[in-house]
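Proteins get letters first, then strands, A, B, ... in listed order; numbering begins at 1 in each.
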There are 2 protein chains.
Amino acid sequence: MTTETDKTTTEETMTIREMCDLFEVTPRTLRFYESKELIFPIREGTRRHFTRRDRARLKLILRGKRFGFSLEEIRQLLDLYDMGEGKTVQLARTYELAQQHLDEMKGQREELDRAIAELETQMEWGARELEKRRSNAA
Amino acid sequence: MTTETDKTTTEETMTIREMCDLFEVTPRTLRFYESKELIFPIREGTRRHFTRRDRARLKLILRGKRFGFSLEEIRQLLDLYDMGEGKTVQLARTYELAQQHLDEMKGQREELDRAIAELETQMEWGARELEKRRSNAA
DNA sequence: AGACGAATTGACGTGAACGTAAATGAAACG
DNA sequence: CGTTTCATTTACGTTCACGTCAATTCGTCT
């Protein structure tokens, strides 16, 4: 009977410093994210202890940021990921929200594809010009 | 002999209002971009006149923004596009810079692909749960 | 000439996402 | 027990990309 609150899944918590080193963020950032309810470190007295869940969320937060999502938007997405972990509450609304985000992301990808293609063209030009100049200089 | 300063290429300029309507930006935005040397409208007295070049640049500016590039980064990229239009000055440095940006963009695309895949998995879950709930409610 | 609308120039304000400094508290070390 | 060493809280500061408002000025219409 190892299914109570499940202590098997190495619920080793981390200090704020360990988190900062692991994810390359500042303490300020982690506290800020907590204040915005993106992560929920446990409080032992005054100190914070970051759980596996916090780590998973932070990972997603940082990825979201790399795509230009706002922290508020990321918070919405995080809720979706949580759903997968069991509860499945209020799923319909969240599902819709994610669908929206997914559409945006796909649109963004298409545009990115076009932009990359254009840039590559531009750069072939550049490379040829570069070659010309090199041989002229010789 | 129609090749002097080239008046053939419909160099019709636009007022700030026309620009705003066409690109869905505010006057403030255009003036701001000018102050940051992203565009260079002609001055007739006090009024601005936006050229074809300004329009092309603005188009790229807005696209750059959609990818989360900062205005400063965009200014660098704009210089590259200008190269293609003739001068080809200082090409080597600019080329390198663009190569960097391209790599970043490609990396971003890969990550985006993975994220989309994950989200889609998550959403199949969601859709199934939704279906369960619908039939249970009936 | 007077009035009106459109454009311009400061200059201050704003929201997001933290940075940074000061004061305080807990804790570990010699 | 005193002193570093972290961590925390409070709070003001900062950068980016404009928004907003007031005071002019310019061109135009009557």
Side-chain angles (χ1 to χ4, degrees), chain A residues 12-51 54-55 57-79 97 101 104-105 108 111, chain B residues 12-51 54-55 57-79 97 101 104 108:
Chain A
E12 13 174 2
T13 69
M14 295 176 65
T15 74
I16 202 169
R17 199 87 291 295
E18 292 171 325
M19 287 292 281
C20 291
D21 294 349
L22 182 53
F23 292 99
E24 306 199 293
V25 295
T26 69
R28 173 66 172 122
T29 300
L30 294 178
R31 295 189 195 110
F32 182 69
Y33 290 169
E34 184 187 5
S35 78
K36 290 302 176 79
E37 298 185 79
L38 290 164
I39 49 182
F40 314 95
I42 299 167
R43 288 312 191 74
E44 189 187 321
T46 167
R47 306 268 162 90
R48 290 171 176 80
H49 292 288
F50 298 83
T51 69
D54 291 320
R55 295 194 283 277
R57 293 177 73 96
L58 182 54
K59 194 173 159 191
L60 293 171
I61 292 168
L62 297 179
R63 183 163 71 189
K65 287 200 54 186
R66 264 172 271 142
F67 295 132
F69 287 113
S70 74
L71 291 185
E72 178 52 30
E73 289 174 313
I74 291 173
R75 209 180 53 72
Q76 315 272 325
L77 283 174
L78 282 176
D79 290 343
L97 199 139
H101 274 288
E104 279 176 38
M105 288 167 86
Q108 202 176 146
E111 221 185 320
Chain B
E12 14 174 1
T13 69
M14 295 177 65
T15 75
I16 201 168
R17 202 81 298 295
E18 292 171 325
M19 287 291 282
C20 291
D21 294 349
L22 182 54
F23 291 99
E24 306 200 292
V25 296
T26 70
R28 173 66 172 121
T29 300
L30 295 178
R31 296 189 195 109
F32 182 69
Y33 288 168
E34 184 187 6
S35 77
K36 290 302 177 81
E37 299 186 79
L38 291 165
I39 50 182
F40 314 95
I42 299 168
R43 287 313 190 72
E44 189 186 321
T46 168
R47 305 257 160 101
R48 291 172 175 80
H49 293 287
F50 297 84
T51 70
D54 291 321
R55 295 193 282 279
R57 293 176 72 95
L58 182 54
K59 194 173 159 190
L60 293 171
I61 292 168
L62 297 178
R63 183 162 70 187
K65 286 199 54 188
R66 265 172 270 138
F67 294 133
F69 287 113
S70 75
L71 291 186
E72 178 52 28
E73 289 173 314
I74 290 173
R75 208 180 52 72
Q76 314 271 326
L77 283 174
L78 282 176
D79 290 342
L97 200 138
H101 272 289
E104 278 176 40
Q108 202 177 146

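The distance from atom CZ of A/Arg47 to atom P of C/dA28 is 8 Å, rounded to the nearest whole Å. With rounding to whole Å, B/Arg31 atom CZ is found 12 Å from C/dG10 atom P. As a whole-Å value, the separation of A/Phe32 CZ from C/dG15 C1' is 10 Å. As rounded to whole Å, 7 Å separates atom P of C/dT9 from atom CD of B/Glu34. Across the protein-nucleic acid pair, B/Glu18 atom CD and C/dA6 atom P stand 13 Å apart, rounded to whole Å. Atom CD1 in A/Ile74 sits about 9 Å away from atom P in C/dC18, given to the nearest Å.
As judged by a 4.0 angstrom heavy-atom cut-off over every strand, A/Arg48 is placed among residues touching the sugar-phosphate backbone only. Using a 4.0 Å heavy-atom distance criterion, B/Lys65 is classed as a sugar-phosphate-only contact. Looking at heavy-atom distances under 4.0 Å, A/Arg17 makes contact with sugar-phosphate atoms alone, never a base.
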Inset, instruction - Check the pair B/Arg63, B/Phe69 against side-chain contact (heavy atoms from CB on, under 4.5 Å), reporting the backbone distance first and the verdict last. - result: CA-CA 9 Å; B/Arg63 183 162 70 187; B/Phe69 287 113; over 6 Å; no

Legend entry - CA sep, side-chain torsions, deciding dist, call: B/Glu12, B/Arg55, salt bridge (charged side-chain N to carboxylate O under 4.0 Å, His left out): CA-CA 11 Å; B/Glu12 14 174 1; B/Arg55 295 193 282 279; 5.7 Å; no

Legend entry - side-chain contact (heavy atoms from CB on, under 4.5 Å) evaluation trace for B/Val25 with B/Leu62: CA-CA 10 Å; B/Val25 296; B/Leu62 297 178; 4.1 Å; yes

Legend entry - Worked check of side-chain contact (heavy atoms from CB on, under 4.5 Å) between B/Leu58 and B/Phe23: CA-CA 8 Å; B/Leu58 182 54; B/Phe23 291 99; 3.4 Å; yes

Legend entry - Candidate pair A/Glu72 and A/Lys36, rule side-chain contact (heavy atoms from CB on, under 4.5 Å), full reasoning: CA-CA 8 Å; A/Glu72 178 52 30; A/Lys36 290 302 176 79; over 6 Å; no

Could you list all N or O pairs between the protein and nucleotides 20-22 of chain C that sit under 3.5 Å apart?
{"residue": "C/dT20", "atom": "O4", "partner": "A/Arg28", "partner atom": "NE", "Å": "3.4"}

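Applying the 4.0 Å criterion to OP1 and OP2 of C/dA7, one finds that B/Arg43 has every side-chain N and O outside that range. Taking only side-chain nitrogens and oxygens, B/Thr46 never comes nearer than 4.0 Å to OP1 or OP2 of C/dT9.
Minimum interatomic distance between B/Ile61 and B/Ile74 (heavy atoms only, all atoms of both residues): O-CD1, 3.5 Å. Residues A/His49 and A/Asp54 come closest through the heavy atom pair O-OD2, 4.1 Å. Annotation for A/Cys20 and A/Pro27: closest pair SG-N, 3.4 Å, computed over non-hydrogen atoms.
Contacts between chain A and DNA chain D, taken as any atom within less than 4.0 angstrom of a protein heavy atom, begin and end at D/dC6 to D/dT9.
Toward the 5' end of DNA chain D, the nearer of the two residues A/Pro27 and B/Glu72, judged by each one's closest nucleotide, is A/Pro27.
Using a cut-off of 4.0 Å between Lys/Arg side-chain N and Asp/Glu carboxylate O, A/Glu37 and A/Arg75 are scored as not salt-bridged.
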